[in-house]
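Worksheet: one structure, shown below.
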Amino acid sequence: MKTRFSTYDIICGVAELQKLVGWRINQIYDIDNKTYLFRLQGNGAVQKITLLIESGIRFHTTKFEWPKNVAPSGFSMKLRKHLKNKRLEKVSQLGVDRIVDFQFGSGDAAYHVLLELYDRGNLILTDFELTTLYILRPHTEGENIRFAVREKYPVERAKHQDDEFSLDLLADLLEKAPPGVHLRQILMPVLNCGPAVVEHVLLLHDLENRVMPQGTTSNEDRPEEPLKKAQNTKKQRKERNLQNAKSEVKVFDLVNDLPTLKMAVKSALNLIKDGNNGESKGYIIHVKEEKPIEDGKIEYFLRNIEFQPFLFAQFKDNEFTMFESFLEAVDEFYSTQESQKIDMKTLQQEREALKKLSNVKKDHAKRLEELTKVQDDDKKKAELITSNQSLVDNAIRAVQSAIASQLTWPDIHELVKEAQTNGDVVASSIKQLKLEINHISLILSDPYVSQNEKDCQELTVVDVDLALSAWANARRYYDLKRSAAQKEQKTVDASQKALKSAERKTQQTLKEVRTISNIVKARKVFWFEKFYWFISSENFLVIGGRDAQQNELIVKRYMRPKDIYVHAEIQGASSVVIRNSTGEDIPPKTLVEAGSMAISYSVAWDAKVVTNSYWVTSDQVSKTAPTGEYLATGSFMIRGKKNFLPSCHLTMGLSLLFKLEESFVTRHLGERKVRSIDDAPFENSFKQNDLTDMLLNEVNEDLETPQVVSIPEEDHRNDNSDFPNTEVKIEHDTGRITVKPNSLNVEDKPFTDEETSIILAGPSRKKQQNAKKNKENKARSSHPEIKLSDKGSLDAEPSVSSQVKRGQKGKLKKMKSKYKDQDDEEREIRMMILNSSGKGKVCINTSKDVAKSVSANEEEKPKKIVVPNPKNQMELDENDDMPAGVDMDILNSLTGQPIEGDELLFAIPVVAPYQALQHYKFKVKLTPGTGKRGKAAKLALNIFAKEKTCNSRERDLLKSIKEESLARNIPGKVKISAPQLQKLKK
């Protein structure tokens, strides 16, 4: 199979790329460390072409979407720095070598990208003087040639054609050639066009498999040892064996074949000239692979083996596909390689399954054949004993009388041999004495055949038991024959069942293999799968970063003006963005679910600590650091008010989303939508998060009154709204509650330093503890009226400790140190916020009904903060900016509630807050635990497959899911919960 460009491919490819001269570099991406994409833009704004370059392998234009690396590599950044917006001035081949020179810019501002397509390949960026600025693979050749940064690229090292090849020199070249060398090996270094062209012209002129004759050069001109060594190289031996296998090797005649060879060389030179014109067609050569036969039909699978700019003579008998240009054929060849590998793997698995079935059938046929043969032999032996009854009886009596005379076994052997010598008929029929098992072997034949037939008849050796008569021995053989017949019948019955079972298993295996192959082909990896992600219960896409680099990428590239940024009140958490495709306000339920995701993908999961999360608008997130400070990768500035979300449990869920065929999408529209109180399913029920929101707002109302918190008069004067913003902050590690009134009108005044905070990627634990202590001291000094007394707790301590159970002293000491600053009033507020049923529960605003509370909640929603000069809006790459409708189309085509009759293409595992998965068909609950992620993912897949409602198509889709893709989004060590889990584990 062809894997890289030949010299003739480079000639045709360079000629075809001349149409891109004058185009500008728009952007550069890297697929991997050897493959790069150059996005070129023509004179018109719509004209865009992508040029793909792979070191050592290929270069071609492409119309396919190739997966790009999440973060550009160092080489990509260097290429972008020097080549962006540069014009492609020239594409050329260095001499006749497999090196392509792409020149961007002109004069002193010119830069060269040199692509080496031989050996391990290389990619070099140089300036106008060919001084290396960046190199993909630094190395040295010999002592003088170095390929490294700041070294000049050795252009003179490339192979050059000094003058035009002369046909007159061909005879001298052939005379100097060593004997036994193939004609093709002589022409290849001279013509510099690759092996395919040389083989083509030799085949056209009937000069294939020609070798040089012996003795064409003298011993003085040619050393013997080096030639012998050259002829015995591994590559030459392989080529000779291949040619010998194809056809008979012929000796080249210097007199008669030379004119024909000159014509062949001329046609090769003409092909090179045609290739330089840039009008070459493209051809992909196929090989037929026979698929397993079903129902008597033969199917063929076409496997790609070559891409060529010309239909050469050696491929005229093969299947081929023609393209308008050579680079289009190359693009198709490499883009279908993965699917071809999948097809070949499927074909191999099908062949193995059918081979197993064939082996089972052969084994059963062999057993039946052996049993039939045993029956025939036993029947024949019984008939021979019956026909020679008197002879068999006489032989038995003779041996029995010898044994009765108490002769030793050797004496009996001698006695039989002596009788055979004397011509005794009975003794002559004895072949062997098996006295150790009380048997003798007799040579018997049919006595009723004629003399002529006797001469042709084969004699049969029959074992006879000395303890039985002739008739009894015959009956014994008939019994053996009858037993073999019964065994044969049982084998036939069993083999029919076994064959049916084997055929059924084979058909099932073939079906599964083909189904999984089709699913793998149809599986499309969406752009958001590289992040943490889920779809909220109201059909909003929520994405989060796996590390600092992805956090940076999400905010810079994927966060749009209407999106919401969510983060946990803990350092090192994932940056979560809610993609707002509708342009309207994000509903509270989606915000709570995104907050739950932000908390779960943080250190809080492993620590099993519940913390708070908050949300801000996209224009509040900035990468601009305060004066004198620096923001590292994954760190951001938050300016303005943080909107805190209610606390939630660390509960995630693992489920499956199914990709629907386009015609079935309309059946599932509205599955995930914004639910209102008027919706029928939710008339008489309230979610826990909504109730917590209401209670929190009611607490805020009460805390704003002068009886609870004394607010300075300046705040009252500046407070122009009926519902001033009040922030209730709970520190879960100390139990402290800080009530911070904030009535500043954001529309009239700019943000102050107190409203600005920095989200760090993940500071050290020591710094975090020091910051927490300073914060506590500041809070105590600024709020003396909320100072707590620990007198009550100290008084209650003796009565509690007297009833303390064994092992609880340490816990009580920790509780005492944790809640030492908490008084009864603060405890009541905290219990009410957490919706706890603890002692002293306070009922607030009991006279108000729920509907009024909900409407009041809506009125109290904070207004959008408008920043005069937002510096955080990162410019999106114009090539990566996607319309909002694209998200909605993708989300609508994914369902977690497949209906009977849906056409499902593939399944995608999703890890989301458990409340977002309430209506999904397959789901398990994940909570912090000690189980490993991979084991939990495998168990979840087993649970899904064994569900009674799971149909055959869904099981096929489950089998195609890889375990690593199932486990990669699980937060950490988990405990899995599902109905009937213990039964499944058994």
Would you call the rings of Phe531 and Tyr558 parallel, tilted or perpendicular if under 30° counts as parallel and over 60° as perpendicular?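 Plane angle over 60°, so perpendicular.
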Assign the ring pair Phe528 / Trp533 to parallel, tilted or perpendicular, where the plane angle (0 to 90°) is split at 30° and 60°. tilted
Rounded to the nearest 0.5 Å, what's the gap from [atom1] on [X] to [atom2] on [Y]? Could you check?
| X | Y | atom1 | atom2 | result |
| --- | --- | --- | --- | --- |
| Leu926 | Lys975 | CG | NZ | 12.0 Å |
| Gln27 | Gln41 | CD | CD | 11.5 Å |
| Lys959 | Leu941 | NZ | CG | 11.0 Å |
| Ser73 | Ile28 | OG | CD1 | 10.5 Å |
| Lys925 | Thr651 | NZ | OG1 | 6.0 Å |
| Thr62 | Glu65 | OG1 | CD | 8.5 Å |

Could you check whether any side-chain heavy atom of [X] comes within less than 4.5 Å of a side-chain heavy atom of [Y], counting everything from C-beta outward?
| X | Y | result |
| --- | --- | --- |
| Arg579 | Phe540 | no |
| Gln550 | Tyr532 | no |
| Ile31 | Leu37 | yes |
| Trp66 | Ser335 | yes |
| Phe944 | Leu957 | no |
| Glu671 | Asn539 | no |
| His668 | Asp902 | yes |
| Val542 | Val576 | yes |

Trace of the side-chain contact (heavy atoms from CB on, under 4.5 Å) decision for Lys623 with Glu552: CA-CA 9 Å; Lys623 193 66 180 171; Glu552 189 94 4; 2.9 Å; yes
Under a 3.5 Å distance rule, please check whether [X] uses its side chain to pair with a backbone N or O of [Y] as donor and acceptor.
| X | Y | result |
| --- | --- | --- |
| Asp563 | Asn580 | yes |
| Glu661 | Ser663 | yes |
| Ser574 | Ala598 | no |
| Ser613 | Ala568 | no |
| Arg953 | Leu904 | yes |
| Ser600 | Met597 | no |
| Gln897 | Tyr920 | no |

Under 3.5 Å, is there a donor on one side chain and an acceptor on the other for [X] and [Y]?
| X | Y | answer |
| --- | --- | --- |
| Glu538 | Ser536 | no |
| Asn612 | Glu569 | no |
| Asn969 | Arg546 | yes |
| Arg39 | Thr50 | yes |

Minimal non-hydrogen separation, [X] against [Y], with atom names:
| X | Y | value |
| --- | --- | --- |
| Pro913 | Glu593 | CG-O, 3.2 Å |
| Lys608 | Pro928 | CG-CB, 3.7 Å |
| Leu656 | Pro909 | CD2-CA, 3.9 Å |
| Phe664 | Glu903 | CE1-CB, 3.4 Å |
| Pro626 | Met637 | CD-SD, 3.6 Å |
| Leu650 | Trp605 | O-CZ3, 3.9 Å |

Decide yes or no on side-chain contact (heavy atoms from CB on, under 4.5 Å) for Ser618 and Lys562, but give the supporting numbers first. CA-CA 7 Å; Ser618 59; Lys562 292 286 184 180; over 6 Å; no
Does the ring of Tyr29 carry Arg80 above it, NZ/CZ under 6.0 angstrom from centre and within 45° of its axis? yes
Run the side-chain contact (heavy atoms from CB on, under 4.5 Å) test on His649 and Thr927 for me, step by step, so that the C-alpha distance in whole Å, both residues' side-chain angles and the decisive distance to 0.1 Å come before the verdict. CA-CA 9 Å; His649 296 289; Thr927 50; over 6 Å; no
Check Leu660, Val665, Leu669 against Thr895 for a side-chain contact (heavy atoms from CB on, under 4.5 Å) and give me the one that passes.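 Considering Leu660, Val665, Leu669, a side-chain contact (heavy atoms from CB on, under 4.5 Å) with Thr895 is found only for Leu660.
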Lys921/Glu954 salt bridge by N-O under 4.0 Å criterion: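 Lys921 and Glu954: salt-bridged.
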Apply side-chain contact (heavy atoms from CB on, under 4.5 Å) to the pair Leu894 and Lys659, showing each step before the final yes or no. CA-CA 5 Å; Leu894 298 174; Lys659 179 74 168 72; 3.8 Å; yes
